[in-house]
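Heads up: the structure comes next, in structure tokens.
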Amino acid sequence: MKIAVTYENGQIFQHFGHTEQFKLYTVEGDQITDSEVISTNGSGHGALAGLLFEQKIDVLICGGIGGGAQNALAQAGIRLFGGVSGDADKAVESFVAGNLSYDPDVHCDHHDHHGEGHTCGEHGCGEHGCH
């Protein structure tokens, strides 16, 4: 199994569509056997689902994510575990152990009340409707 996490400085980056890196984990049985950090090369939103599909990702762990990206992931056959924050490695360890806390109704609704050009990195999406 391959797991991707939106990634920044060891933490789960909180806006899928603006992530600049993913940390990819290879899991065999109940063990993480390999990990690497890859760049998104400036891809955003829907294009990121294609990037993950090309990497043969089975599962995505992230913070906030919009509906369009959720649909793109579903079409690519990638299972989504959103609304997760904190340490990326610990989140994957929790997922592998079967006890990851996530939000099955995750969404990112800040687009409705912020102007164009808003990026979650400006003030932490956790306080602005990305769950």
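Numbers here are sequence positions counted from 1. Below, each value reflects all heavy atoms present in this structure, side chains not excepted, and no hydrogens, waters or symmetry copies. As the structure is a prediction and not an experimental result, all values here were calculated from the model.
- Contact between L52 and A4 at its shortest, heavy atoms only, is CD2-CB, 3.7 Å.
- Shortest non-hydrogen contact noted between I32 and E93 is CD1-CG, 4.0 Å.
- Of the possible polar contacts, one joining the Q14 side chain to the V84 backbone as a donor-acceptor pair under 3.5 Å is found.
- Side-chain atoms of D103 never come within 3.5 Å of backbone atoms of G82 as a donor-acceptor pair (strictly under, hydrogens ignored).
- Looking at K2 and V59, their side chains never come closer than 4.5 Å, going by heavy atoms from C-beta outward.
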**OP:** Could you walk me through whether D58 and R79 pass the side-chain contact (heavy atoms from CB on, under 4.5 Å) test, one step at a time?
**Re:** CA-CA 6 Å; D58 300 296; R79 291 180 19 215; over 6 Å; no
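- Considering only residues two or more places apart in sequence or on other chains, A76 meets the side chain to side chain contact (heavy atoms under 4.5 Å, CB included) condition with F53, I78.
- Grouping the Ile, Leu, Val, Met, Phe, Trp and Tyr side chains by contacts below 4.5 angstrom, directly or via other members, places I57 with V106.
- For the pair E20 and S39, the minimum side-chain heavy-atom distance is 4.5 Å or more.
- Here the side chains of L24 and Q55 are in contact, with some heavy-atom distance below 4.5 Å.
- A chain of hydrophobic side-chain contacts below 4.5 Å, direct or via other Ile, Leu, Val, Met, Phe, Trp or Tyr residues, connects I12 to F95.
- Each of I61, V5, I3, L60 was compared with F22 under the side chain to side chain contact (heavy atoms under 4.5 Å, CB included) criterion, and only L60 meets it.
- Side chain of T6 to backbone of F13: a donor-acceptor contact under 3.5 angstrom is found.
- Every salt bridge (Lys or Arg N to Asp or Glu O under 4.0 Å) that D89 has, sequence neighbours left out, goes to K23.
- The shortest side-chain heavy-atom distance between I38 and Q21 does not fall under the 4.5 Å cut-off.
- When every heavy atom of A91 is checked against every heavy atom of L100, the shortest pair comes out as O-CD1, 3.6 Å.
- At a threshold of 4.5 Å between side-chain heavy atoms, the hydrophobic network of Ile, Leu, Val, Met, Phe, Trp and Tyr places Y25 and V37 in two separate groups.
- Grouping the Ile, Leu, Val, Met, Phe, Trp and Tyr side chains by contacts below 4.5 angstrom, directly or via other members, places L51 with I65.
- Under the side chain to side chain contact (heavy atoms under 4.5 Å, CB included) criterion, D34 pairs with T26, sequence neighbours left out.
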